Amino acid sequence: MAAQPQVAQDVEIPAHVPPELVRNFSFWTTPGMAPQKGGNPQAALSFVHYDMPRIFYAPRNMYDGQGTWVITRADDQRRILQDAETFSNNRYLFTKALGEELPMVPLEIDPPHHGKYRMLLNPMMSPKKVDAMEPAARARAAALIDGFKDRGECEVLGDFALPFSVGVALDFLGLPQERGMEFVGWAKAQLHGSPEERLDAMRTVVAFMKDLMAQRKKAPADDFMSVLLRSEVEGRPLNDLEVLGIAILMFEAGYDNVAAGLGFGLNHLAQRQDDQAKLRANPALIKSATEEFMRAYSTVQLIRRAVKDVEFEGVQMKAGDFVSCATMIANRDPLEFADPDRVDIARADNRHVAFAYGPHRCLGSHLARKELNIGYEEFLGRIPTFRIKPGTQPTTYGGHVFGIDNLILDWS
Amino acid sequence: MKVKVLDGKCQGHARCAALAPHIYKLDDDGFIMPGVIDVPPGEEAIARRGLRACPERALEEVQDS
């Protein structure tokens, strides 16, 4: 069962929101957002650039039924996301869900404190470090594909994309691969489970990381958790909450978007045989195709919260207002991208916002990009021409994190 | 041709260096070195592609005076 939003029955529009800027819109209920067979949830939202005000208010846009401002233009999103002093990223995601203090570090920490954690973590996920992870990641992708190749079909998410992205995340964190399928289960429950299943999975991940932290304190190992335990910020060791927040965030952020991204990209190639043939004839195009798939099939809605009253492009926002910067909306902004609804695997000057802008730019962007490139390269290199298995259709999801599931490819 | 790195704008996307690594040099964290970059003659086109790849708009072309 897909998670359903808990929409409040009697939503009040805040007094400072002009009625002419209110629109009946949400990431749960707008057409194309609910789970459906063979949908294209990103394309389903491009209408906002033509039918909606540049900035509008969606009264029930959040998972819990709260309202947000919706920022449609890429350039407006860039200025908001670059201004983390005004538009805060601290939304207490785990803290609120679990009822105990557990900030996701550094995602939910704002400047100036944010910088000290990024200084610690940036070198661990730099382009150079990520290059060194490539051989192991490529071998993992190859082994997974070779495992189902002779079957003549696979279910992309369960057989390939999730075990691949979770496996790379476990490698990075230094966690045992034997537990990989357990992690895949937690991952799936958090992505598309019911509210109870999501909460259960979050609790399981937190308990696992707490246990791991306790073990590594007693007996340090050659892994990420042990590195965190001996790391310092401002001349003092990281405390337990910081270590836990970082470790959980690295795992949480490490698998789902890469897996969903691979799913949407392979779905495109299965349906667009011309693009698949182009990439087979010219594998050097894969890197550009990866960027275009990230643009056209982005999966993340970034939410910020105004920390003070602010006027932005003529719109009066109040302290506490939520501001939605949906990457899938900005990435189809006709002012930023020529012919934005056309998926052009050779697109030039593709400055998409799939990894956000500003100080919270995705820390794992270099690794994610590497995984996506490897995923497409190995899949196209090892599997002959594929299509959606006749009689099946993938399920696509809107919501706060877009996704795709039950994507069965056939090359028999 | 010169390219100016605008102060405080780089967030380490590293797209400039992905396109033109010999022009846009990154530090160990993957961020661009501050200052003004001299583009070697004949490299203007690839330098401009690298500049246009920056999601933060951290790079700006300055004309030789």
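Since the model is a prediction, treat every value here as computed from it, not as a measurement. In what follows, every heavy atom counts, from backbone to side chain, and hydrogens, waters and symmetry copies are set aside. Per chain, numbering begins at 1; letters A, B, ... match sequence-line order.
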**Student:** Tell me, do A:R369 and B:H13 make a side-chain contact under 4.5 Å, heavy atoms counted?
**Tutor:**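 They are not in side-chain contact.
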
**Student:** So what's closer than 4.5 Å to chain A heavy atoms on B:A14: side chain, backbone, both or neither?
**Tutor:**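 Both parts, heavy atoms under 4.5 Å.
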
**Student:** In terms of heavy-atom contacts, does CG of A:D222 have more than 12 from other residues, nucleotides or ligands at under 6.0 Å?
**Tutor:**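 Not buried by this count: 12 neighbours or fewer within 6.0 Å.
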
**Student:** Using every non-hydrogen atom in the two residues, find where B:D29 and A:P127 come nearest and quote the distance to one decimal.
**Tutor:** O-CD, 4.3 Å

**Student:** Determine the option with the most heavy-atom pairs under 4.5 angstrom with chain B, choosing from A:P123, A:A348, A:C362.
**Tutor:**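 Greatest number of close heavy-atom pairs with chain B: A:P123.
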
**Student:** Name the region of B:C54, side chain, backbone, both or neither, that has any atom closer than 4.5 Å to a heavy atom of chain A.
**Tutor:** backbone

**Student:** Quick one: what part of A:A354 sits under 4.5 Å from any heavy atom of chain B, side chain, backbone, both or neither?
**Tutor:**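 Neither; nothing under 4.5 Å.
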
**Student:** If I compare all heavy atoms of A:R351 with all of B:L51, which pair ends up nearest, and what's the gap?
**Tutor:** NH1-O, 4.1 Å

**Student:** Any sub-3.5 Å donor-acceptor pair from A:R78's side-chain atoms to B:P55's backbone N or O?
**Tutor:** yes

**Student:** Is chain A contacted by the side chain of B:R15, its backbone, both, or neither, given a heavy-atom distance below 4.5 Å?
**Tutor:** side chain

**Student:** Select, from A:N350, A:N122, A:L81, A:L363, the one with the greatest count of heavy-atom pairs under 4.5 Å involving chain B.
**Tutor:** A:N122

**Student:** For B:H22, I'd like to know if atom NE2 has over 12 heavy atoms of other residues, nucleotides or ligands within 6.0 Å.
**Tutor:** yes

**Student:** With a 3.5 Å distance limit and no angle check, can you tell me whether A:H366 reaches the backbone of B:G12 through a side-chain donor-acceptor pair?
**Tutor:** yes

**Student:** Do the side chains of B:E56 and A:R361 get close enough for a salt bridge, i.e. N-O under 4.0 angstrom?
**Tutor:** no

**Student:** Does B:Q11 form a side-chain contact (heavy atoms from CB on, under 4.5 Å) with A:R118? I'd like the steps, not just the answer.
**Tutor:** CA-CA 10 Å; B:Q11 299 292 352; A:R118 283 298 286 245; over 6 Å; no

**Student:** Are more than 12 heavy atoms from other residues, nucleotides or ligands located less than 6.0 Å from atom CE of B:M33?
**Tutor:** yes

**Student:** Tell me if the NZ atom of A:K116 is crowded by more than 12 foreign heavy atoms within 6.0 Å.
**Tutor:** yes

**Student:** Please say whether more than 12 non-hydrogen atoms of neighbouring residues, nucleotides or ligands are located less than 6.0 Å from CZ in A:R79.
**Tutor:** yes

